[in-house]
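So you know, we letter chains A, B, ... as the sequences are listed, proteins then strands, and number each from 1. Model, not experiment: these values are computed from the prediction.
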Amino acid sequence: MTLKVHNTLTRDKEEFIPRDPPKVGMYVCGITPYDETHLGHGRAYVTFDVIRRYLEYSGYEVNYVQNITDVDDKIIAKSNANRVTSNAIAEKYTQSYFEVMDKLNVKRASVYPKATEHIDEMVSWIVGLLDRGYAYVLEDGVYFEVDKFADYGKLSGKRKEEQEAGARIEVKGAKKNPLDFALWKKAKAGEPSWPSPWGEGRPGWHIECSVMSTKYLGEQFDIHGGGLDLEFPHHENETAQTEAFTGKVPWVKYWIHNGFVNVNKQKLSKSLGNFFTLKDVFEKFDPMVVRLFLLSTHYRSPINYSDVELAAAREAYGRIVKFVEDIDFLITHPPAPSLPAGRQGLKKRGGEEEGEVNVIEREDIDEELAPYRDKFMAAMDDDFNTAGAVAAIFDMIKFCRKTLDDGEAEKECLKLMKESVVGLCEVLGLKIENRKLKIENRRVEGLIVEREAARKNKDFKRSDEIREQLAEQGIEIEDTRYGTKWKAQA
RNA sequence: GGCGCAGUAGCCAAGUGGUAAGGCGGCUGUCUGCAAAACAGCUAUACGGCAGUUCGACUCUGCCCUGCGCCUCCA
């Protein structure tokens, strides 16, 4: 089986062959931290997290770079409005971003380079582009000259001649072509700025991604991702300036873009006021439910937010969790040892002749589980079809339940079923936690708190009782100067 | 105006040139003193419309209708 990836550059599904296997260099456009992280961000970063996880699962070593645009008009506007430094704004929302992503179980990137920490490199790129004749200086900054780059438009499929007729292009006089974009913006009063050959100022939006991606991944690399809305002009501009600067083509081998989150069929957006912050959504739904909801649609299709669909995802997620809980229960509650030695399992439910039990062994199950794993892989190999992959997980669960209904499973066999389901979920970044064990933990924690209180009151009788009580349940406690630790005896 | 995406059961959503994965919901059953929960079974003669290609299309082509996105900051 081979992995196929839809490449925006070729508008086709292609076999994925990294430049230098098993290494994969992957760059994803990160956030501009000026406000709370919303569901749209969630979709984007869950998408690339799944891609990253699947590549790793497939044996690749992924170097995942995600930038943080910590200097920008909106950050500056907010800092001025709130009378704090733009750095404070950026810090605050970056922190918030990580909190929320952790909840969604998005693995951390290998590195999160910040724009403000790479200003020198950006300046030298701009100098280089000027030297090479791809840029020019105006009153208010330095601009990239789109007409000097013959391939302009190759990513987005937009021809610059055709854009000029459009109504939505700004009609600024000074630029040679309306599509020319700022590499460097000269500072206005009250803006953060850095020195440059063109005076104090700050970099334009696109240059940071070119500079930072190539710095950490090399002048050419495998995957560049981001939301569909970044395809043009952001990614187009990045491509133009990078290939102009390095002279190496193609800069990026595979371009991957995720679709939007819609509400009432419209794109989530600030201007429409129809966006949900992830923190808001988590008030109503568990982050893993949100993740499953996101995974239930192919990453390139639009996905419509609705409480009804989130609730459906919650039910579905609950069924996966319930399955794992049921298996855990069977593992910890083996049936009466009236069965032949070494054989533990379930009593057959339907009434067949007594004494005749259909014992299911680990090897058999391993073999029978294979088709579901294959279905999962086939779906993921087909441009990361997470919807198909999720279906495979449900198929696997259904098969396991049916098998358990038909006969007795060895403990090893039960473990294998659990590992198989949980393992596939893990590839999708879906954490499956046994809620009952969690409650159990909470109960233990509660007793420990009670015991600590008793000790404080020198009620050692009660505290010893609790220690005894826990010990009977196989829980050992250890008092340390940092507090009481506990562990279950193996 | 240019470029592009989508239209599959009550809802969401995969998918294949040879007659439709999965989830939610609904219905029925198992379990239960009853219920709830849970689990199980069933639940699209049909894939926006009209033509065409083909032995055969939901899947390919053309046109049309509807919705959406990018071309301005945006995941």
**Request:** Go ahead and name the base partner of U16(B); Watson-Crick or wobble counts if both distances stay under 3.5 Å, otherwise write none.
**Result:** none

**Message:** Using a heavy-atom cut-off of 4.0 Å across all strands, would you classify G40(A) as base, sugar-phosphate, or nothing?
**Reply:** base

**Message:** So, OP1 or OP2 of G23(B): does either fall under 4.0 Å of a side-chain N or O from R319(A)?
**Reply:** yes

**Prompt:** From the list A75(B), G22(B), C39(B), which nucleotide is the closest neighbour of the side chain of A391(A)?
**Reply:** G22(B)

**Asked** Looking at K402(A), does any N or O in its side chain come under 4.0 Å of the phosphate oxygens OP1/OP2 on G41(B)?
**Response** yes

**Value in whole Å for how far the C1' atom of C71(B) lies from CG of L230(A)** = 14 Å

**Request:** Using a strict cut-off of less than 4.0 Å between a Lys/Arg side-chain nitrogen and an Asp/Glu carboxylate oxygen, indicate whether D307(A) and K284(A) qualify as a salt bridge.
**Result:** yes

**Prompt:** Taking the same atom, C1', in A44(B) and in C11(B), what whole-Å distance lies between them?
**Reply:** 14 Å

**Prompt:** If you measure from the P atom in C12(B) to the same atom in U61(B), how many Å do you get, rounded?
**Reply:** 26 Å

**Nucleotide paired to U32(B) in any strand shown, Watson-Crick or G-U, under 3.5 Å** = none

**Prompt:** For the pair made of NE2 in H257(A) and C1' in C3(B), what is the distance, rounded to whole Å?
**Reply:** 14 Å

**Prompt:** So, are E36(A) and K78(A) salt-bridged, with charged N and O less than 4.0 Å apart?
**Reply:** no

**Prompt:** Expressed in angstrom and rounded to an integer, what is the separation of L268(A) atom CG from C68(B) atom C1'?
**Reply:** 14 Å

**Request:** For A14(B) and C55(B), measure between their P atoms and round to the nearest Å.
**Result:** 33 Å

**Item:** Pair partner, U45(B) [Watson-Crick or wobble, under 3.5 Å]
**Value:** none

**Asked** In whole angstroms, how far is the C1' atom of G23(B) from the CG atom of L292(A)?
**Response** 8 Å

**Request:** Could you give the distance separating A51(B) and U59(B) at their P atoms, to the nearest angstrom?
**Result:** 14 Å

**Residues K185(A), D140(A): salt bridge by 4.0 Å N-O rule** = no

**Item:** Donor-acceptor pair (no angle test) under 3.5 Å: K158(A) side chain, C70(B) base
**Value:** yes

**Prompt:** Rounding to the closest angstrom, what is the interatomic distance between A13(B) and C24(B) at atom C1'?
**Reply:** 11 Å

**Fill in**
In Watson-Crick or G-U wobble terms, with both distances under 3.5 Å, the base opposite C24(B) is G10(B)

**Message:** In whole Å, measure the gap between the C1' atoms of A40(B) and G49(B) for me.
**Reply:** 40 Å

**Prompt:** Base, sugar-phosphate, or nothing: which does E315(A) touch, judged by heavy atoms less than 4.0 Å apart?
**Reply:** sugar-phosphate

**Fill in**
Q266(A) has its side chain closest, among C71(B), A75(B), G69(B), to G69(B)

**Fill in**
For U61(B), the nucleotide meeting Watson-Crick or G-U wobble distances (both under 3.5 Å) is A51(B)

**Request:** For L39(A) and for F323(A), find the nucleotide of RNA chain B with the closest heavy atom, then tell me which residue's nucleotide is more 5'.
**Result:** F323(A)

**Asked** What is the nucleic acid contact for G259(A), judged by heavy atoms within less than 4.0 Å: base, sugar-phosphate only, or nothing?
**Response** base

**Message:** Tell me the interatomic distance from K160(A), atom NZ, to C70(B), atom C1', rounded to whole angstroms.
**Reply:** 18 Å

**Message:** Can you tell me which nucleotide in C70(B), C24(B), A75(B) comes closest to the side chain of H38(A)?
**Reply:** A75(B)

**Item:** Contact state string [nucleotides 4-15 of chain B, B base, S sugar-phosphate only, - no protein heavy atom under 4.0 Å]
**Value:** -------SSSSS

**Message:** Ring-plane angle category for H224(A) and W255(A), please: parallel below 30°, perpendicular beyond 60°, tilted otherwise.
**Reply:** parallel

**Asked** Which comes earlier along RNA chain B counting from the 5' end, the contact point of R401(A) or that of H41(A), where each point is its nearest nucleotide?
**Response** R401(A)

**Asked** For Y27(A) and D222(A), what are the C-alpha separation, side-chain angles and deciding distance, and is it a side-chain hydrogen bond (donor to acceptor under 3.5 Å, both in side chains)?
**Response** CA-CA 8 Å; Y27(A) 183 88; D222(A) 302 302; over 6 Å; no

**Distance, P atom - from C58(B) to C47(B), rounded to whole angstrom** = 7 Å

**Prompt:** Parallel, tilted or perpendicular: which fits the ring planes of H206(A) and F181(A), with parallel below 30° and perpendicular above 60°?
**Reply:** perpendicular

**Request:** Give a yes or no on whether a salt bridge exists between K160(A) and E236(A), defined as a side-chain N under 4.0 angstrom from a carboxylate O.
**Result:** no

**Candidate nucleotides C3(B), G41(B), A38(B), ranked by approach to the side chain of D326(A) - the nearest** = A38(B)

**Fill in**
Whole-Å distance, Y305(A) OH to C68(B) C1', equals 20 Å

**Prompt:** With a non-hydrogen cut-off below 4.0 angstrom, is V28(A) in contact with a base, only sugar-phosphate, or nothing?
**Reply:** nothing

**Fill in**
Closest of C73(B), C68(B), A75(B) to the K74(A) side chain is C73(B)

**Item:** Short side-chain N/O contact from K267(A) to OP1 or OP2 of C70(B), under 4.0 Å
**Value:** yes

**Request:** Please confirm whether F16(A) and Y254(A) have ring centers closer than 6.0 angstrom.
**Result:** yes

**Request:** Look through every strand shown and name the nucleotide pairing with C5(B) as Watson-Crick or G-U wobble, where both distances are under 3.5 Å.
**Result:** G67(B)

**Message:** Any carboxylate oxygen within less than 4.0 angstrom of a Lys/Arg side-chain nitrogen, looking at D381(A) and K4(A)?
**Reply:** no

**Message:** Students often mix this up, so state it plainly: with edges at 30° and 60°, are the rings of H41(A) and H38(A) parallel, tilted or perpendicular?
**Reply:** tilted

**Item:** Between U19(B) and G23(B) - P atom distance, rounded Å
**Value:** 22 Å

**Request:** Measure the distance from CG on D395(A) to P on G23(B) and round it to the nearest whole Å.
**Result:** 7 Å

**Prompt:** Can you tell which of A75(B), G41(B), G22(B) lies closest to the side chain of F394(A)?
**Reply:** G22(B)

**Complete:** The single option from N87(A), T116(A), T32(A) that satisfies side chain to side chain donor-acceptor pair (under 3.5 Å) with D70(A) is T116(A)

**Request:** Find the distance Y45(A):OH to A75(B):P and express it as a whole number of Å.
**Result:** 6 Å

